[in-house]
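What follows is one structure encoded as structure tokens, with my remarks underneath.
In this text, all values refer to a predicted model and were calculated from it rather than measured experimentally. For the numbers below, each heavy atom of this structure counts, side chains included, while hydrogens, waters and symmetry mates do not.
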Amino acid sequence: PVRDFSTLNGPKAFVREDASQPVVAFGCFFPSGRAAESPANRGITELMLRSMLRGSKRYPGDALLFAIERSGGTVRIVNEPDFFGVVVEVLSRNAELVVPVLIDMVESPQFETVAVLGERERLLADQRPSRVPPSVGAVDLFWQGRYPTHSYGVAAEGLPETVAKQTDESVRAWYAKSVQALYPLVGIVGDTDGSSLVSRF
């Protein structure tokens with residue numbers, strides 16, 4: 001069963017305990033994102049999420065991903081039409097080591113100019129037709145045909161002409177609007193005692 005450990009004046013937290021494997025996954029999700037993008041900033045949510053992985057206040061630069069990986073964890077970004085976030089999966093015995101890293105990644109990303117511009121170049125490279133698998137291209141065509149004038153019709157990566165115009169300042173502004181001003185919905189699934197984990201963090 002899914003249990004609700006939401007706080008009165010804070011994030012909503014839902015936990016499903018599953019001890020069948022020695023791993024646990026933590027997801028921090030926010031509403032909107034791509035649905036709130038305008039024709040002038042298509043792709044900024046994807047760029048923001050990628051840039052969040054490039055360092056935080058307590059874990060600058062590559063130290064952030066290293067802190068997760070050395071604990072046996074992996075991190076991935078989620079950028080869906082109506083919500084976005086990050087998911088960290090880790091060995092359950094190392095969960096308490098990784099949760100503070102995830103919190104710092106979400107609450108205090110650095111968005112250093114060099115890191116954001118580097119992620120922007122990688123995002124532009126990923127948008128080249130030769131880099132998009134045909135199966136992904138087919139799904140993108142469906143969305144474009146179904147929602148030709150809506151942000152749903154644009155791929156998660158956005159458009160090259162709009163991504164190329166984004167800066168570290170525009171990413172910080174988008175973060176302030178779409179993450180900093182909201183409480184996340186937290187999903188925890190796996191080998192964990194949900195109540196004690198949530199109460200500690």
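- A side-chain donor-acceptor contact under 3.5 Å links Asp104 to the backbone of Arg58.
- A donor-acceptor pair shorter than 3.5 Å can be found between the side chains of Asp168 and Thr113.
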*asked:* Quick one, Val189 with Val24, criterion side chain to side chain contact (heavy atoms under 4.5 Å, CB included). Give me CA distance, side-chain angles, the key distance, then yes/no.
replied: CA-CA 6 Å; Val189 178; Val24 59; over 6 Å; no
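- Taking the six-membered ring where tryptophan is involved, the planes of Phe30 and Phe84 are essentially parallel, since the angle between them stays under 30° and well short of 60°.
- A pairwise comparison of heavy atoms in Val86 and Leu102 identifies CG2-CD1, 3.5 Å as the closest pair.
- Residues Val101 and Tyr59 have side chains in contact (heavy-atom distance under 4.5 Å, counting atoms from C-beta outward).
- The aromatic rings of His150 and Tyr147 sit tilted relative to each other, their planes meeting at an angle between 30° and 60°.
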*asked:* Before you tell me yes or no, could you show the steps for Arg122 and Glu119 under salt bridge (charged side-chain N to carboxylate O under 4.0 Å, His left out), namely the whole-Å CA-CA distance, both residues' side-chain angles and the distance that decides it to 0.1 Å?
replied: CA-CA 5 Å; Arg122 280 185 277 275; Glu119 288 303 321; 3.0 Å; yes
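- Residues Val116 and Tyr175 fall within the same hydrophobic cluster, defined by Ile, Leu, Val, Met, Phe, Trp and Tyr side chains chained together at heavy-atom separations under 4.5 Å.
- Inter-residue side-chain proximity for Arg50 and Ile77 is flagged as met; some heavy-atom pair is nearer than 4.5 Å.
- Checking side-chain atoms of Arg42 against main-chain N and O of Glu37 turns up a donor-acceptor pair under 3.5 Å.
- Using a 4.5 Å heavy-atom threshold, the side chains of Val75 and Leu65 count as touching.
- The shortest side-chain heavy-atom distance between Arg54 and Phe111 does not fall under the 4.5 Å cut-off.
- Annotation: side chain of Asn41 is in contact with side chain of Trp174 (closest heavy-atom distance under 4.5 Å).
- Ala35 approaches Ser151 most closely through the heavy-atom pair CA-OG, 3.3 Å.
- Put simply, the side chain of Val90 does not reach to within 4.5 Å of the side chain of Ile68, judged on heavy atoms.
- No donor-acceptor pair under 3.5 Å is formed between the side chain of Arg16 and the backbone N or O of Arg3.
- Heavy atoms only, all atoms of each residue included: Ser92 and Asp191 are closest at OG-OD2, 2.9 Å.
- You'll find the side chain of Glu157 stays beyond 4.5 Å of the side chain of Leu124, heavy atoms only.
- Residue Glu169 qualifies as open at atom CD: its count of foreign heavy atoms under 6.0 Å is 12 or below.
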*Apply side chain to side chain contact (heavy atoms under 4.5 Å, CB included) to Lys12 and Phe5, showing your working.*
CA-CA 7 Å; Lys12 292 184 177 181; Phe5 293 106; over 6 Å; no
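- Hydrophobic clustering (side-chain heavy atoms under 4.5 Å, transitive across Ile, Leu, Val, Met, Phe, Trp, Tyr) groups Leu123 together with Met48.
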*Residue pair Val87, Val78: steps toward the side chain to side chain contact (heavy atoms under 4.5 Å, CB included) verdict*: CA-CA 7 Å; Val87 177; Val78 177; 3.9 Å; yes
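- Although no hydrogens or angles enter the test, the distance criterion places a donor-acceptor pair under 3.5 Å between the side chain of Ser71 and the main chain of Ala67.
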*Should Ile44 and Ser170 be marked as a side chain to side chain contact (heavy atoms under 4.5 Å, CB included) after you check the CA-CA gap, both sets of side-chain angles, and the distance that decides it?*
CA-CA 8 Å; Ile44 195 168; Ser170 63; 4.1 Å; yes
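- Nearest heavy-atom pair across Asn79 and Ala156 is ND2-O, 3.4 Å.
- Of the residues Pro11, Pro31, Ser32, the one that meets the side chain to side chain contact (heavy atoms under 4.5 Å, CB included) test with Leu182 is Pro31.
- Nearest heavy atoms, Arg34 versus Pro81: NH1-N, 3.5 Å.
- The hydrophobic clustering, which links ILVMFWY residues whose side-chain heavy atoms are closer than 4.5 Å, places Val106 and Ile188 together.
- Note that the CG atom of Leu185 and the CZ atom of Phe14 stand 5.5 Å from one another [nearest 0.5 Å].
- Under the 4.5 Å side-chain heavy-atom criterion for grouping Ile, Leu, Val, Met, Phe, Trp and Tyr, Tyr152 is connected to Val139 within one hydrophobic cluster.
- For the atom pair Glu89 CD and Leu91 CG, the distance stands at 9.0 Å (nearest 0.5 Å).
- Although no hydrogens or angles enter the test, the distance criterion places a donor-acceptor pair under 3.5 Å between the side chain of Gln166 and the main chain of Thr162.
- When all heavy atoms of Pro100 and Glu96 are compared, the closest pair comes out as CD-O, 3.1 Å.
- Annotation: Gln21, atom CD; neighbour count of heavy atoms from other residues, nucleotides and ligands within 6.0 Å does not exceed 12.
- Distance check: Met105 CE to Leu53 CG gives 5.5 Å after rounding to the nearest 0.5 Å.
- In this structure, the side chain of Ser6 engages the main chain of Ala13 through a donor-acceptor pair within 3.5 Å.
- Contact annotation: the side chain of Ser51 approaches that of Leu47 to within less than 4.5 Å [non-hydrogen atoms, C-beta and beyond].
- Under the 4.5 Å side-chain heavy-atom criterion for grouping Ile, Leu, Val, Met, Phe, Trp and Tyr, Ile103 is connected to Leu49 within one hydrophobic cluster.
- Atom OG of Ser108 sits about 9.5 Å away from atom CE of Met52, to the nearest 0.5 Å.
- Heavy-atom neighbours of Asp62 CG from other residues, nucleotides or ligands within 6.0 Å: at or below the threshold of 12.
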